[in-house]
Amino acid sequence: MNILEEIRQKQKHIQDGRIQNDDGLVLIPAPERFRRLLAIGDIHGNWHRLLSLWPQIQYQDDDLLVFLGDYIDRGTHGAEVLQLVMELIEKHPHIIALTGNHEAMMLHYFQNHSIREPMDLSHGWLRSGGQPTFRGLRRLYEVDCGRYHAVLEFLLSLNHLAAAGTDFIFTHAGFYPEQSYEEQVDDMLWLRTEFYEDYASRPRVIIGHTPVQYFSSEHTAPLLFKNHILDCDTGSFLPDGRVSCIDVRKLQCWQSHPGIPPDAPST
Ligand SMILES: [Mn+2]
């Protein structure tokens, strides 16, 4: 069964109306009960841009909010961003965090490496913007080792996809429409063109992963493609980038203040 059919079937069989988590596939029945369905795109350690965005949203518990992944790397404040997202999830039952490819790379690193050892610069994570995150996590480990382990546990609990009813699908990068969820659970975090060119179904798919500036350097706001893909990665780490939140039904958008520079690493 392909992933879209799978979502339809699973949503149909939910009995009690509660949000369910099926191995990282989060099912949100009756999304019409939420005042807004919100998504926040890639943050990439850009703490000051996230702090500039957050109060504008005026989040309330009758909103559903999905973070689309890539909290860490490139910017200097990955550890802080992770802790804030973790705290928000602890406090609010209708906030969901997805994993991005950067979180997957980091978890892969810590399967065979320790935060107590020097950085292994041969690993792909540390060559893909992971070094400032490593340094931030090492500081956290030194001041509060329990908290550091809680952050790693939180990363292991992140989800791959969330479906609000059958009309809205949230995921970090994309999916192969003809494959099942299980078949592609790891590939999903990396797709770009394959997904943008192949997707031709009705549900609106809300993604991050590729900065909108990649499509045109003039874009700074989330971008809705003709085939119902909504890209919310507004280049949080780029000089003219933003961290963005969008109401995925009405397409109302909130962004970090354009005057705030990225939290760029010093090296
Ligand atoms: Mn990203």
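As the structure is a prediction and not an experimental result, all values here were calculated from the model. For the single chain, residues carry numbers from 1 onward in sequence order. Just follow the structure's listing: the first ligand is 1, and inside any ligand the first atom is 1.
Counted by atom type alone, Thr133 and Asp73 present one or more donor-acceptor pairs between their side chains at under 3.5 Å.
Among the atoms of His102, no N, O or S atom falls under 2.8 Å of the Mn ion (ligand 1). Put simply, Asp233 stays out of reach of the Mn ion (ligand 1), with no N, O or S atom under 2.8 Å from it. Checking Asp70 against the Mn ion (ligand 1), an N/O/S atom falls under the 2.8 Å cut-off.
Looking at heavy atoms from C-beta onward, Tyr181 lies out of side-chain contact with Asp22 at the 4.5 angstrom threshold.
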Open item on the list: Is there a side chain to side chain contact (heavy atoms under 4.5 Å, CB included) between Val243 and Trp54? Walk through the geometry before answering.
Closed with: CA-CA 9 Å; Val243 175; Trp54 181 253; over 6 Å; no
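When the Mn ion (ligand 1) is compared with the N/O/S atoms of Asp42, atom OD2 turns out nearest.
Under the side-chain contact (heavy atoms from CB on, under 4.5 Å) rule, His172 has a single partner from Thr99, Asn101, Leu98, Asp233, which is Asn101.
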